[in-house]
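Quick notes on the structure that follows.
As the structure is a computational prediction, the values presented were derived from the model and not from experiment. Labels below follow one simple rule: chain letters A, B, ... track the order of the sequence lines, proteins then strands, and each chain is numbered from 1.
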Amino acid sequence: MEPLAFASLAHVRVLLLPVGDIRELEFERWAGEIGSFETIRLGDIPSHSKDDRARFMPNPLSSGYLHLSFTTHPPPSSHTPLSLIRPSDFPLGVIGIASCSQTDSLSSVLDNFNEALSDLFPEGSTFPLARNCFVFEESDGTTNIDVGDHFPGLVVIPALLGNKQLHIGTLIADLCSHILGEFATVMQALESPLGNEYLNASLFPMLPPPSEMPKSLDHDIRSHDSLPPLPSQHSQPELATTSGTLRAKTPLSLKRNSTIAMGLAPQRHASLPPPLAKRKPNVIGAASSHGRLFKVTGDLFLLAGRLEDSEIWYSEAIALFKGIQDTAWHASALEGLATIQIVQAWASTSGATHMSAEVDPWSDILDKFKQASALYYKTTPQHESETTYSLLSYLYTHSVLRQGLLLFSIWSAKGWGPHAFSMMLHPDGSFYSPLANTNATSRRRSFYSDLERLTTISGISRAQIASILAQLHGPWLLHLDERERVTVLQTLASLYGALGYSRKEAYVLREVLGCVMDLIVCGREDGTPPRTPNPGLGIRGVRLDGDSAGQGTVGIREVESAEGNDSILRVVKQICRVHGVDLEAVKLIDSIGHSDSAGNVGEESRKAEQEEDTADMSEAPFGWPELQIGIMREAIAVAEALPDYLSVAQFSLSSLKILHEVMSQSDQYQMYHAASRALTIAKRRGDTRTIEYWSGRPIVSIEILPLPLVRIPLEKPISLLAQERTTASQVLAGYTDPFLYNPRRQSGRAQAALVQGEPFELVVTLRNPFVFDLELQSLRLSTSGVPVESDPIQLTVPANSYHPVKLSGKAMKAGTLVIHGCVVQAPGGAPREFILPLATEEEEEKRTRQRSAIECETERVKRAGLDARQWEKRRSLLSAAATSSSKAAIRLLECKVIEEQPLLRIRRTSLTHGAVMLYNSETTTIRLTLENVSSLPVDFLALSFDDSTIGPAQRSLAEDELSVFETYETEYDLIYQPVFTWDKSQSSRLIHSGEKTTLTVSCFGKVGCTNGTIKISYAYVHRPQATLQEPPDVFHTRQVSFPVLVTVYHMLECDGMDILPYPQDAALVTGGSNGSSVELQARRDLMRVSEPADWCLFSIGVRNTYGIPFQVTFRRSQEGVDDASTMSLVPPGSSTRVMIPVKKISLPTELTSKSIPTLSDKQFVVTKSSLTSAEEQAQRELFWYREELFKMVHGEWKENGGTRCGSLSLRRQRLTMPMLETLRLETTRVRMSLVSYDEAHTCKPIASVQAGTKYLPPPNEFVYLRTKVTNLSTSELVLSLNLSLEPSSHIIYQGVLTNIPLGRLASGECHETELPLVFVSCGRFDIRADVRLLDPSSTLKPVGQGSLKAMVRTD
Amino acid sequence: MSHHLFLLSPSDTPLYQLTHYSSKPSQTIPSPLASNLPSWSTSAFAGTLTALSGATSASQAHHAQGGTVRIGGGQDRHVIQMIANASLDVIEEVMRKENAMYLKSVDKFNEWTISAFVTPGNMKFVLLHETRNDDGIKAFFNDVWELYVKTMLNPFHTAHTPIRSTVFDARVRASAKKYL
């Protein structure tokens, strides 16, 4: 479609017509050749000698131009009524373009040409006025086509002709000459009364058909001339005045006169009024006015390039129209008048432009146009049909458009000047976008400033132009026929676009689209095959060049033809972009080229992804959601109607991606279904392209699931094999590490370890922000490093949720596995990889920074309007980011794949239901049978145990609140009485593939234990290795654990341990009545001791809290003494006290002064006790004696009548100070006795009872108290003795009672003192001795005592 | 006769919209060209064109003899929004040059005249009206601006937050009743 030229009123339009079988290219070439003749000098036009035809001929020396415009399309037939009011719209000449090589075909060419013409222009139409057919010789054939005069209207241009251009120019000039000649004929027809009647008949009159003309114009002009026409007097009054003859109405004279009168115009004007006044009374309605006739004359003169004449005639016409209400014609005349000025200005283009300083030179022209369009606007068609409306609207819109073009041309040409004129006269392709190259959005700023600069230079503001253009738009557009509507709208759109008014451009483009789509849809409904040679709708980009929309019938596309679709879609995309919707947010991918490279991701897509991330975060939305959705819907409808299914899918998905937040639920559903439907159809039709993955970023997180416990490999340093582990420290240490930072400890965030050849699982969390269930055709892992075998899965993500899904894979080799992310593919789409960086702190920080930057940005509005569109913003944001931060490497999820590991499993155990039931401190064994189910042997086996008692104990130890003594007890319990123990020596350590082995673990019943675990660690350490390979410094173990349910019955309870001095009278028992029973005898045997003072009695209560009787045995095993044991049966519910004599012991001070040891290797034991040193000493003694005691005495139990047995623990028993005193061997032993001497100094012991503990001395007799002190300690002692006699008032004694010196006694030495005394009364006496150590440093310390009872009686 | 008010954020997103019907009759005289419109096609695309070119409203107004309340929904509403949006082109240009906040009759499209009010924060109040009523519209805009500023005092309200306050709505309506 040719661009609308401002000065088209002054253009002689020539139709170029392809004739015969001419190839398109050929035609285009010749048409271009011919089209280069935009102007023809008037002087070049050969004037015909015939007078009557010379009316419009230029005079030989005139310097004007004839403006030509070439078109390849005939005007629509509906415009025929305009032929008189707007002759410039019609092709005045026709040039057929044909090419041929054969002479004989010339006739057929001519026939074709004529036929085509008669097709296009029905019989009786005014135009074209002249025709010619150019036959271009095709090749350099030797045949010289000789035309001669055989084919009038046919010119052969030989191929050999050198300067074709010149030849063509001559031919065109010739054609023009014909046209001008024909003008005269037309005029003549109109000037006839009948013609004039026709002319005034209706708003849009037609030339009377030739049949109705009284005489053929061609044949006898003279006769026509000689008629005494009524109008001739009126129509040519000024001629009469100027030439002074009535005959001056002959075209010749008219022409001559007017040309002569060039410089005399003012004069003539002065002379005009009288005829006007004369004419007025004659006006009897439109029919008799000559205004129209004058106007047509003016038009023709304008076309003929005789501007002065034209101006005169126009002025005349306007003067006439002012009187009568012939608005449309009036307006048309005004337009013509205005055009003349431009053409004149153009003609004087050589430099001297008459710039009038005071007003804009164009204001006059603009005023005329304004007046014209106002007149058109007002025109009310009275009784005419719809076509009148259509034509009126056509005239109106074009008039407005001319105004707009006028201002726009001046504006875009930087002012009133030659550039602007030529733009208006001969617009070329680049006409509408003066700044087309700067139109790129990247330079919006400069674009604006450029536009503003144009305004400043030209003095025309864009708003001014826009306000004129806005007048164009209105309901009347509907009156126009399709072709005109498209032309007008697209011109409007491109003007808006060139002005930088993108939104208005988009608005109009929507209408253009509406027109075009309507034609497409209707055309398809009609089902008629396309007639036009090129069926596509040639809309290209924003500038619509709908050439092919000729004749108002748009080429109907066959279903397969996609020609032109792209252009329509581009228009759609442009509209959407203006509204902030990027229809290409989801891109199309050629699946064939892409499928193989889908796996790897280039830097580009990574960058795009980053962009997407930022886009996700950026909150501030752009645009008008309601409009956006409406436009999206329309875009999809357009794509559906074309039909372009892939675009349907692309648009739907893009809109879902961008607008889902503001979209209603039903819309989302609809779009989604439309997209999936369209994709299926596109695929079915064999479209190789497909769409990329669209739903934003579906993957939120990815993590490796920990392997099942039995499969987890644990990394151990190889040095561990060499050292024998001390279990004690391990058990006691528990899980607490004393160091806050331990560099040797394996951090918990270490790489996850996977095993070669064994499956692992990952959890991928997917996000679906939409209201529908999102279907994913495949989801698979994207990895690098070690090859991985992983199957893609198909899944559906529920609406509006986060959805975790499990993926499994299998690493095929040992090494490092890097998991990039996932490759996601939507149904019918292309797969796309999403990389998921590890959520390291760095990454998080980066994200936070980005987010806050964006938040900051959104708060402050720095970009308004179209600049606020996402991609505009993002561009600047990214460029800023790119400069500021260097690319930080993304950390990805990595895991280590270790070589194949053996696998054991527990085949069977000796336990039923994994439970074991025990009496307290009973020991049983558990047998575990292991089977190696892997193909690798196991050559390392280690067991570790855990049970429910360990934890609490360790915890209380860790708390460190226990006293030293309690700590010792707890530790002792942990180390020496574990629940489980394993005898390593028993089982072999090598288990070959498929073999079985049995482990024996003993289990000790410990009250409070409820469950335990046997952990079997195993590994294949000694692998065959390549010799040169450095042996690894780590190995991996695996663990099988076997939980055991333990039930321990608490049945025997020891309490009330006591140590008593061995009673003196125990001898009585032993020596007493002879034994009646075995039991008694046994007890007697037990109690028989050599020296009672050396012994003490250990006693303990044993209570049976269980349901069956138990035999309890206590054994004594003491050095230097025979072992002894006592056994008793403890019936259920009762308690028994067991006694066993124990020889007193004495521990060296070096031992007892040692502090209580700790069994663990704790390094820092801070004594917390606040005991005095004496107290501490006492505590230590207690501790050490107790330990010694427990070494001597052991308790055992046995099920009565059964086989189960165990030991009885005494460790709960406490040793008290009195007990200690009893147990400990005294330092000195004091033995007292009463003796009497007779005269002969023979010693006679006093009678005593109760094994020598009670004496029966006589009263009032001298007796001697003999005190023997023996030093039992290992060192020598200096001792003194104190005696106390009670009641002392009844005893008379000789000597001193206190501080009786005993002297220095060596170890084992004894000393005897005697004290004579007399009991002076009867009664009970109590005598005590108290040995003290004479220690220079301290006070006297009692180290031994003795006592004696005396019963004094008189018999 | 109706008025359409849009409060547009700097990113062209409407934060508030109001359609006000006043009882005053429309005074515009439609061009004879706008009458007797053909119903030339029945396809959906033709419908779009009809609506966008203003033909729907013109014919409606014609049939309804003016004064009756038009239903501001459906396609018509969409067109009005389109017009308001398109008028931003002109508003943006004019506001670059002029210092005034009130841009009266800055644009005309179809039967609509567009007046605008640009706040210092680059909020644009766009009013589509059919008759000239400069003083009334200016007073109305000032009222709306005051109300808007009061809304913006809310610390949780950003330049992009849609205004859903019923108080705001009621007051704007009251003001519209008073001045338009």
Output field: ring centroids A:Y376/A:Y396 closer than 6.0 Å: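 For A:Y376 and A:Y396, the ring centres are not under 6.0 Å apart.
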Going by the rule side chain to side chain contact (heavy atoms under 4.5 Å, CB included), which residues pair with A:D481 if we only count those two or more places apart in sequence or in a different chain?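 Once residues adjacent in sequence are excluded, the partners of A:D481 under the side chain to side chain contact (heavy atoms under 4.5 Å, CB included) criterion are A:P76, A:S78, A:H79, A:E484.
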Top residue by heavy-atom pair count (under 4.5 Å) with chain A, among B:D107, B:L88, B:N122?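 Most heavy-atom pairs under 4.5 Å with chain A: B:L88.
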With a 4.5 angstrom heavy-atom cut-off, is it the side chain or the backbone of A:S467 that approaches chain B, or both, or neither?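 Neither part, no heavy atoms under 4.5 Å.
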Side chain from CB out, backbone as N, CA, C, O: work out which of these in B:I91 comes under 4.5 Å of a heavy atom of chain A, or both, or neither.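 Answer is neither: B:I91 stays 4.5 Å or more from chain A.
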A:S373 and A:Q471 side chains, donor-acceptor separation under 3.5 Å: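 Result is no, nothing qualifies.
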With B:Q17, which residues qualify under side-chain hydrogen bond (donor to acceptor under 3.5 Å, both in side chains), at least two apart?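 Result, side-chain hydrogen bond (donor to acceptor under 3.5 Å, both in side chains) vs B:Q17: A:E626, B:R77, B:Q81.
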Do you know which of A:A470, A:A637, A:P625, A:G623 has the most heavy-atom pairs under 4.5 Å to chain B?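 Heavy-atom pair counts peak at A:G623.
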